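Counting convention: from 1, in listed order, for ligands and their atoms alike. No hydrogens, no waters, no symmetry mates; every other heavy atom, side chains included, goes into these values. Worth saying up front: this structure is predicted, and the values here are computed from it rather than measured.
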Amino acid sequence: MKTAVYPGSFDPITNGHLDIIERAVRLFDKVIVAVARREEKRPLFSVTEREQLVRQVVTCFPNVEVTSFSDLLVDFARRMNADIVIRGLRAVLDFDYEFQMVLLNRKLAPTVDTVFLLPSEKYFYLSSSMVKEIAALGGAVSCFVPPAVLAALKSRYPVCQ
Ligand code: PNS
């Protein structure tokens, strides 16, 4: 039984994240989507809201579990009996940050490995922060996020479409 953890802030989950989850469920027996608490980043949605939104949009995947964590990623992964961490890699922009994280995580826990998955190229430019910025300024985000997330964004930014 191969279990992988897909961690992130998911503030909020986008179609790009969903694309990665769709790929991951084909590769692993169980995928745990792990919402990082990260209050220091002043997220738009609380950890409970982010977790609920993820839960709502992954119901079609029987082998996906959703939870949150507030400790070190590698400690969380080991607690879940997972030795694989999944990260989505978009453009070169992500590379430095992801490279640093994978090497530090490897130093902390040599048995936990990171697998990078590439989303469809139509999501290469997509990020939660851009979605929030567009939503806050009244732009259309319905093509970037699932309907449940759009509704949540509208509750924060009534101007968004
Ligand atoms: O979606 P994000 O914000 O890029 O996700 C980053 C995340 C949550 C995966 C990363 O910050 C993380 O793993 N945080 C947990 C704390 C931790 O383990 N930090 C050390 C990383 S080397």
message: Taking atom CZ as the centre, does Arg37 end up with more than 12 heavy-atom neighbours from other residues, nucleotides or ligands that are less than 6.0 angstrom away?
response: no
Protein heavy atom at shortest distance from atom 2 (P) of ligand 1: Ser9 OG, 3.6 Å
task: With salt bridge (charged side-chain N to carboxylate O under 4.0 Å, His left out) as the test, would you mind laying out the steps for Lys41 and Glu39 before giving the verdict?
output: CA-CA 5 Å; Lys41 277 191 82 187; Glu39 300 299 346; over 6 Å; no
query: Considering all protein heavy atoms, does one lie under 4.0 Å from atom 16 (C) of ligand 1?
result: yes
field: Atom indices of ligand 1 within 4.0 angstrom of Tyr97 heavy atoms, with elements
entry: 4 (O), 6 (C), 11 (O)
query: Within less than 4.0 angstrom of ligand 1, does Asp71 place any heavy atom?
result: yes
query: Closest non-hydrogen protein atom to atom 18 (O) of ligand 1, residue and atom name please, with distance?
result: Leu73 N, 2.8 Å
- prompt: Of all the atoms in ligand 1, which lie at a distance below 4.0 Å from a heavy atom belonging to Asn105?
  reply: 21 (C), 22 (S)
query: Do any nitrogen or oxygen atoms of Phe69 lie less than 3.5 angstrom from nitrogen or oxygen atoms of ligand 1?
result: no
- request: Around atom 8 (C) of ligand 1, find the nearest protein heavy atom and jot down its residue, atom name and distance.
  value: Ala36 CB, 3.4 Å
statement: In short, Ala148 meets Leu53 closest at the heavy-atom pair O-CD2, 3.7 Å
- prompt: So which heavy atom in the protein is nearest atom 10 (C) of ligand 1, and how far is it from that ligand atom?
  reply: Met101 SD, 3.8 Å
query: Stepwise, does the salt bridge (charged side-chain N to carboxylate O under 4.0 Å, His left out) test hold for Arg55 with Glu51?
result: CA-CA 6 Å; Arg55 222 175 276 277; Glu51 202 182 319; 2.5 Å; yes
query: So is there a nitrogen or oxygen of Arg87 less than 3.5 Å from a nitrogen or oxygen in ligand 1?
result: yes
Under 3.5 Å donor-acceptor, Glu98 side chain and Phe95 backbone: no
task: Could you tell me which atoms of ligand 1, counted from 1 in the order shown, lie closer than 4.0 angstrom to a heavy atom of Lys41?
output: 3 (O)
message: One thing to verify: whether Asp75 and Arg79 come together as a salt bridge, which I'm taking to mean a side-chain N less than 4.0 angstrom from a carboxylate O.
response: no
field: Heavy atoms from other residues, nucleotides or ligands near CZ of Arg106 exceed 12 (cutoff 6.0 Å)
entry: no
message: By the salt bridge (charged side-chain N to carboxylate O under 4.0 Å, His left out) test, which pairs, at least two apart or in different chains, include something from residues 117-135?
response: Asp11-Lys132
Proximal atoms of ligand 1 relative to Arg38 (non-hydrogen, under 4.0 Å): 2 (P), 3 (O), 5 (O), 6 (C), 8 (C), 11 (O)
query: What protein heavy atom sits nearest atom 19 (N) of ligand 1, and how far away is it?
result: Leu72 CD2, 4.0 Å
Presence of salt bridge, Asp83 and Lys2, under 4.0 angstrom: yes
